[in-house]
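Below: one structure, written as structure tokens.
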Amino acid sequence: MNRLLGMGMMALVGMTFACGGGEKTAETTAEATPAAPAKEMTLEEKYQDDPIYIKGIEKIKASDCLSCHMVERKIVGPSYAEVAAKYESTEENVNMLAQKVINGGVGVWGEIPMPPHLSLSEEDAKDMIRYVLLLKK
Ligand code: HEC
């Protein structure tokens with residue numbers, strides 16, 4: 001009788017440990033999962049829900065910008081993250097950079113010129129620039 005009770009207790013204790021272990025694993029996983037992507041979050045992920053981002057990326061995709069600019073890597077032109085780090089998103093800078101995209105420019109980032117985009121409206125160019133200047137780390 002006593003022995004049987006003892007075995008029952010052992011079984012119970014064993015189960016409790018098993019459950020405890022299981023919970024601990026689940027906790028560890030739950031903690032690790034949100035932390036990992038937050039650390040490696042790209043600027044696209046960071047701003048993708050911003051209305052400025054949504055409006056700007058649509059117009060950028062419809063133009064040729066992406067053949068020379070990437071968000072976080074310099075290719076022909078500076079990365080948008082670099083441009084965003086250099087300029088505050090003020091009305092003045094948005095106007096100045098929109099004119100630069102429309103008329104072309106050279107000499108700020110190097111010797112390679114950006115060709116003009118004369119068919120772009122001022123409004124479209126400004127929406128693109130607001131998107132670019134949003135991409136701060
Ligand atoms: C043929 C390649 C090319 C294309 C296409 C292009 N760019 Fe550029 N872009 C450049 C280069 C090169 C520079 C650096 C110019 C300089 O040093 O002044 C630049 C610079 C810029 C800058 C920073 C200007 C400054 O004075 O700091 C912005 C903003 C920009 N581009 C946005 C755009 C947008 C928006 C588009 C699409 C409408 C676009 N670019 C298309 C090559 C390009």
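Position 1 is the first residue of the sequence; numbering continues from there. Every number for a ligand or one of its atoms is a count from 1 in the order of the listing.
Annotation: atom 37 (C) of ligand 1 to nearest protein heavy atom, C65 SG, 1.9 Å. At the top of the distance list for atom 32 (C) of ligand 1, counting protein heavy atoms only, stands V101 CG2, 3.6 Å. Looking from atom 17 (O) of ligand 1 to the surrounding protein, the closest heavy atom is W109 N, 2.6 Å. Protein heavy atom nearest atom 2 (C) of ligand 1, with residue, atom name and distance: C68 SG, 1.9 Å.
Atoms of ligand 1 found under 4.0 Å from any heavy atom of G77 (numbered from 1 in listed order, with element): 10 (C), 11 (C), 12 (C). Numbered from 1 in the order shown, with element, the atoms of ligand 1 that lie under 4.0 Å from a heavy atom of P113 read 12 (C). Below 4.0 Å from some heavy atom of I129 lie the following atoms of ligand 1, by number and element: 29 (C). For ligand 1, the atoms lying closer than 4.0 Å to a non-hydrogen atom of G110 are 17 (O). Taking a cut-off of under 4.0 Å to the non-hydrogen atoms of V76, the atoms of ligand 1 that pass are 12 (C).
Classified by interplanar angle (parallel below 30°, tilted 30° to 60°, perpendicular above 60°), the ring pair H69/Y80 is parallel.
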Q: Determine, step by step, whether L120 and V101 satisfy the side-chain contact (heavy atoms from CB on, under 4.5 Å) criterion, reporting the C-alpha distance in whole Å, the side-chain angles of both residues, the deciding distance to 0.1 Å, and the verdict.
A: CA-CA 9 Å; L120 264 189; V101 169; 3.8 Å; yes
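Not a single donor-acceptor pair under 3.5 Å links the side chain of D127 to the backbone N or O of K55. Using modelled atom types, one side-chain atom of N95 and one backbone atom of E91 make a donor-acceptor pair closer than 3.5 Å. Distance alone, capped at 3.5 Å, is enough to place a donor-acceptor pair between the Y47 side chain and the K136 backbone. Without hydrogens or angle criteria, E72 side chain to L43 main chain gives a donor-acceptor distance under 3.5 Å.
Summarising the geometry of L133 relative to V83, their closest heavy-atom pair is CD2-O, 3.9 Å, with the distance given to 0.1 Å.
Comparing N93, D64, I112 against atom 12 (C) of ligand 1, the shortest heavy-atom distance belongs to I112. When K100, M114, H117 are checked for heavy-atom proximity to atom 28 (C) of ligand 1, M114 turns out nearest. Comparing heavy-atom distances from atom 27 (O) of ligand 1 across Y80, Y131, Y87 singles out Y87 as nearest. The closest heavy-atom contact to atom 15 (C) of ligand 1, among the options A98, A62, G105, P78, comes from G105.
In the hydrophobic clustering of ILVMFWY residues, with side-chain heavy atoms under 4.5 Å counting as a link, M96 and I129 come out together.
Under the 4.0 angstrom criterion for non-hydrogen atoms, A125 is not in contact with ligand 1.
Residues I60 and V132 are in side-chain contact: their nearest non-hydrogen atoms beyond the backbone lie under 4.5 Å apart.
At under 3.5 Å, a nitrogen or oxygen of V108, whether backbone or side chain, sits near a nitrogen or oxygen of ligand 1. For the pair S63 and ligand 1, the shortest N or O to N or O distance does not fall below 3.5 Å.
In summary, an N, O or S atom of H69 is located under 2.8 Å from atom 8 (Fe) of ligand 1.
For the atom pair SG (C68) and NZ (K74), the distance works out to 10.5 Å, reported to the nearest 0.5 Å.
Using a 4.0 Å cut-off between a side-chain N of Lys or Arg and a carboxylate O of Asp or Glu, E82 and K137 do not qualify as a salt bridge.
Proximity of L97 to ligand 1, defined as any heavy-atom pair under 4.0 Å, is confined to the side chain (atoms from C-beta onward).
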